[in-house]
Amino acid sequence: MEKVILNTYKVATRLPLAQIALFIKLRQDVGWKEYIKFDCADIEKILKYASENKAVYLYKYGCITFLNFNQDEISIFLEYLRTLFVDLDYELMSKFNENHEMVLSREAYVNLWEGDEVKFPYQQDVDDIAATVLAKSTELYKIETELSEVLDEAGTFIMQLNKGHLSANSKKVASTLAKSIRFKYRSIESVRLLDRPSEFKKTIESRQIFDKLSEYFELNERYAALSNQMDILDSITGDYLSFGSKQSERRLLLFEILLLASFPLLHILS
């Protein structure tokens with residue numbers, strides 16, 4: 001029995017896939033939208049030694065999945081990305097990362113996780129799908145964590161209102177409400193996180209593998225919980241604005257929120 005090892009790291013808010021593809025002379029396929037892949041031939045040029053059964057997947061939302069890499073090899077690849085003028089956030093990387101192992105039999109069949117009784121013929125599509133689902137899970141984990149923090153901040157304002165404190169620090173209020181706006185737009189974009197990429201719809205088997213791994217990582221349940229939290233956040237921030245004592249103060253607060261939210265939103269939407 002062998003193991004197929006996958007490691008995913010959140011390395012940036014977004015990755016400039018077009019820029020990276022241009023540097024490595026990778027032709028942008030018409031259907032390519034979500035990720036680009038470095039295959040074993042590309043990896044050998046970077047690591048300077050034979051790299052069979054290795055691959056790297058870079059996703060537009062800032063995650064990278066490494067297939068059968070050790071930590072030294074991951075560091076070498078990340079340093080290579082820096083030579084392509086790709087900005088990496090090592091703090092993000094240390095906080096948001098996941099790993100997964102699949103079990104490969106001598107008969108070239110694979111269990112999608114250890115203990116799973118269902119086997120699939122092992123081929124490249126299996127790696128591609130597993131890498132993608134793990135990246136989606138890591139990105140969801142990052143959104144879940146940040147949204148939870150914003151909810152905690154927003155909740156304190158409602159507690160102040162319930163105690164009759166209507167004059168909370170306006171800069172703090174504006175900052176938190178701006179965060180909620182950014183999360184709202186990010187959630188609209190992240191709806192596509194759960195979509196099955198078109199290349200994984202070509203066969204019944206690939207659809208089954210994608211759906212099975214998505215269920216294993218509870219992507220749909222987690223996104224449903226995330227959507228509910230967004231509704232709660234909208235309710236909290238809406239309640240706070242409705243309690244504003246003066247219309248002029250409320251307009252000033254809304255203007256501050258717009259300024260704080262505008263630049264990050266432009267980055268997200270681009």
Q: Please check this pair: side chain of Gln19 against backbone of Leu84, looking for a donor-acceptor N/O pair closer than 3.5 Å.
A: yes
Q: Is it true that, when you exclude Glu215 itself, more than 12 heavy atoms of the residues, nucleotides or ligands shown sit nearer than 6.0 Å to its CD?
A: no
Q: With the 4.5 Å side-chain cut-off for hydrophobic clustering, are Phe69 and Phe96 part of the same group?
A: no
Q: In this structure, which one of Glu144, Glu139, Glu146 forms a salt bridge (Lys or Arg N to Asp or Glu O under 4.0 Å) with Lys142?
A: Glu146
Q: To the nearest 0.5 Å, what is the distance between CD1 (Ile64) and CG (Leu88)?
A: 6.5 Å
Q: Look at the rings of Phe200 and Phe210 and say which category their plane angle falls in: under 30° parallel, 30 to 60° tilted, over 60° perpendicular.
A: tilted
Q: Taking the side chain as every heavy atom from C-beta outward, state whether Val4 and Leu67 have any pair of such atoms under 4.5 Å apart.
A: yes
Q: Hey, any chance Leu6 and Tyr141 share a hydrophobic cluster, counting ILVMFWY side chains that come within less than 4.5 Å of each other, even indirectly?
A: no
Q: Can you pull out every salt bridge (charged side-chain N to carboxylate O under 4.0 Å, His left out) where at least one residue sits in residues 88-99? Sequence neighbours excluded, please.
A: none
Q: Hey, is CD on Glu114 packed in by over 12 heavy atoms from elsewhere, all under 6.0 Å?
A: no
Q: Could Lys119 and Glu107 be called an ion pair, given the rule that one side-chain N must be under 4.0 Å from one carboxylate O?
A: no
Q: How many angstroms lie between atom OG of Ser214 and atom OH of Tyr223, to the nearest 0.5 angstrom?
A: 14.5 Å
Q: Examine Ile5 and Val133 and state if one hydrophobic cluster contains both, with Ile, Leu, Val, Met, Phe, Trp and Tyr joined whenever side-chain heavy atoms are less than 4.5 Å apart.
A: no
Q: Shortest non-hydrogen contact from Leu81 to Ile20?
A: CD2-CD1, 4.4 Å
Q: Between Glu73 and Asn70 (side chain of the first, backbone of the second, donor and acceptor by atom type, cut-off under 3.5 Å), is there such a pair?
A: yes
Q: Where is the tightest heavy-atom contact between Glu52 and Glu44, given as atom of each residue plus distance?
A: N-OE2, 4.5 Å
Q: Flag yes if more than 12 heavy atoms outside Tyr109 fall under 6.0 Å of its OH atom; otherwise flag no.
A: no
Q: Report yes or no: does Ser51 contribute a side-chain atom to a donor-acceptor pair with the main-chain N or O of Tyr49 at less than 3.5 Å?
A: yes
Q: Between Lys45 (side chain only) and Leu47 (backbone N and O only), is there a donor and an acceptor less than 3.5 Å apart?
A: no
Q: Locate the shortest heavy-atom distance separating Ile43 from Ala55; write the atom from each residue and the value.
A: CG1-CA, 4.4 Å
Q: Are any side-chain N or O atoms of Asn7 and backbone N or O atoms of Phe66, one a donor and one an acceptor, separated by less than 3.5 Å?
A: no
Q: May I ask you to test the Lys136-Phe217 pair for a side-chain heavy-atom distance under 4.5 Å?
A: no
Q: Parallel, tilted or perpendicular: which describes the rings of Tyr80 and Phe38, with under 30° parallel and over 60° perpendicular?
A: perpendicular
Q: In terms of hydrophobic clusters joined by side-chain contacts under 4.5 Å, are Val56 and Leu22 together?
A: no
Q: Which heavy atom in Leu92 sits nearest to a heavy atom in Val11, and how many Å separate them?
A: CD1-C, 4.4 Å
Q: Answer whether the closest heavy-atom distance between the side chains of Glu205 and Asp125 falls below 4.5 Å.
A: no
Q: Give a yes or no on whether a salt bridge exists between Glu79 and Arg82, defined as a side-chain N under 4.0 angstrom from a carboxylate O.
A: yes
Q: Can you measure from CD1 (Ile76) to CD (Gln71) and round to the nearest 0.5 angstrom?
A: 11.5 Å
Q: Looking at Thr65 and Ala135, what are the two nearest heavy atoms and their distance?
A: OG1-CB, 3.7 Å
Q: State the CD1-NZ distance between Ile209 and Lys212, to the nearest 0.5 angstrom.
A: 10.0 Å
Q: Are Ile204 and Leu213 in one and the same hydrophobic cluster, where Ile, Leu, Val, Met, Phe, Trp and Tyr link if side-chain heavy atoms are under 4.5 Å apart?
A: no
Q: Counting only N and O atoms by type, is there a donor-acceptor contact under 3.5 Å from the side chain of Asn68 to the main-chain atoms of Asn53?
A: yes
Q: Using 0.5 Å steps for rounding, measure from the OG1 atom of Thr145 to the CG atom of Leu140.
A: 10.5 Å
Q: Using a 4.5 Å cut-off on heavy atoms from C-beta on, say whether the side chain of Tyr9 contacts that of Ile74.
A: yes
Q: Lys37 side chain to Tyr57 main-chain N or O, any donor-acceptor pair under 3.5 Å?
A: no
Q: As an exercise, state the distance from CG of Asn111 to CE of Met102, rounded to the nearest 0.5 Å.
A: 10.0 Å
Q: Count the heavy atoms of every other residue, nucleotide or ligand shown that sit under 6.0 Å from CD of Glu2, and state whether that count exceeds 12.
A: no
Q: Check the side chains of Tyr122 and Asp127 for a donor-acceptor pair under 3.5 angstrom, ignoring hydrogens and angles.
A: yes
Q: Compare every heavy atom of Ala12 with every heavy atom of Asp87, then report the nearest pair and how far apart it is.
A: O-CB, 3.9 Å
Q: Checking Tyr59 against Thr132: is there a side-chain donor and acceptor pair closer than 3.5 Å?
A: yes
Q: With a cut-off of 6.0 Å (strictly less than), are more than 12 heavy atoms of other residues, nucleotides or ligands near CZ of Phe85?
A: no
